[in-house]
Amino acid sequence: MDNRLQIKQPIQPLRKTQQQNKPAQENKKSDSPSFKDILGEKLNGKEKLSFSKHAQKRIDSRSIPVSKTEIDKLNSGVEKARDKGARDSLVMVNKVAYIVSVENNTVVTAVDEDSMDDNVFTNIDSAVFMK
């Protein structure tokens, strides 16, 4: 008994129409960033820091001043936490505590000095104090 695969039809090369369409599909460019670009940004930590709705409400309701200098210090603190392998970090900038999801590059909440009644922060794995 012969166990070999038997092909009863001859193998045909690709048609020219299929070959001509292939390069056109490969050359399509979209306006969205490529996977390579997104991955590079994430690995290099150049992704823009964002604020959750909750954090934005806290900043507004507590009248916490957030200038470019504070944002730069916050970004620097998040980078330091990321370099140490942190996932959720407390970053202190000018007497304001920011709880940041380092993995998501998102500020989760912000607490100013006057609102720190208990001075207890939970569910964090690191703290960074910026001067």
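Along the sequence shown, residues are numbered consecutively beginning with 1. Atom set for the values below is all heavy atoms of this structure, side chains included, hydrogens, waters and symmetry mates excluded.
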Sole residue of Arg87, Lys84, Arg82 in side-chain contact (heavy atoms from CB on, under 4.5 Å) with Val102
Arg82

State, to 0.1 Å, how close Asp88 and Ser101 come at their nearest heavy-atom pair, and which atoms those are.
OD1-CA, 3.6 Å

For a quick test of reading the model, state the closest non-hydrogen atom pair linking Pro65 to Tyr98 and the distance between them.
O-OH, 4.5 Å

When you look at Ile124 and Ser89, which way does the side-chain contact (heavy atoms from CB on, under 4.5 Å) test go after all the steps?
CA-CA 5 Å; Ile124 61 171; Ser89 185; 5.9 Å; no

Measuring from [X]:[atom1] to [Y]:[atom2], what's the distance to the nearest 0.5 Å?
{"X": "Arg58", "Y": "Thr109", "atom1": "CZ", "atom2": "OG1", "answer": "6.0 Å"}
{"X": "Asp112", "Y": "Ser63", "atom1": "CG", "atom2": "OG", "answer": "8.5 Å"}
{"X": "Asp72", "Y": "Met130", "atom1": "CG", "atom2": "CE", "answer": "10.0 Å"}
{"X": "Leu49", "Y": "Asn104", "atom1": "CG", "atom2": "CG", "answer": "11.0 Å"}
{"X": "Asp125", "Y": "Leu90", "atom1": "CG", "atom2": "CG", "answer": "11.0 Å"}
{"X": "Leu74", "Y": "Glu79", "atom1": "CG", "atom2": "CD", "answer": "10.5 Å"}

For a side-chain contact (heavy atoms from CB on, under 4.5 Å) check, start with the C-alpha distance between Val96 and Val111, then their side-chain angles and the critical distance, and finish with the verdict.
CA-CA 6 Å; Val96 176; Val111 183; over 6 Å; no

Side-chain donor-acceptor pair present, Asp60, Gln56, cut-off under 3.5 Å
yes

Side-chain donor-acceptor pair under 3.5 Å between Ser52 and Thr106, yes or no?
no

Taking the side chain as every heavy atom from C-beta outward, state whether Val66 and Ile71 have any pair of such atoms under 4.5 Å apart.
yes

Are Ile99 and Met116 connected into the same hydrophobic cluster when the rule is that any two of I, L, V, M, F, W, Y join if their side-chain heavy atoms are below 4.5 Å apart?
yes

Is the number of heavy atoms from other residues, nucleotides or ligands under 6.0 Å of Asp83 CG greater than 12?
yes

Lys80 side chain to Val128 backbone, donor-acceptor under 3.5 Å
no

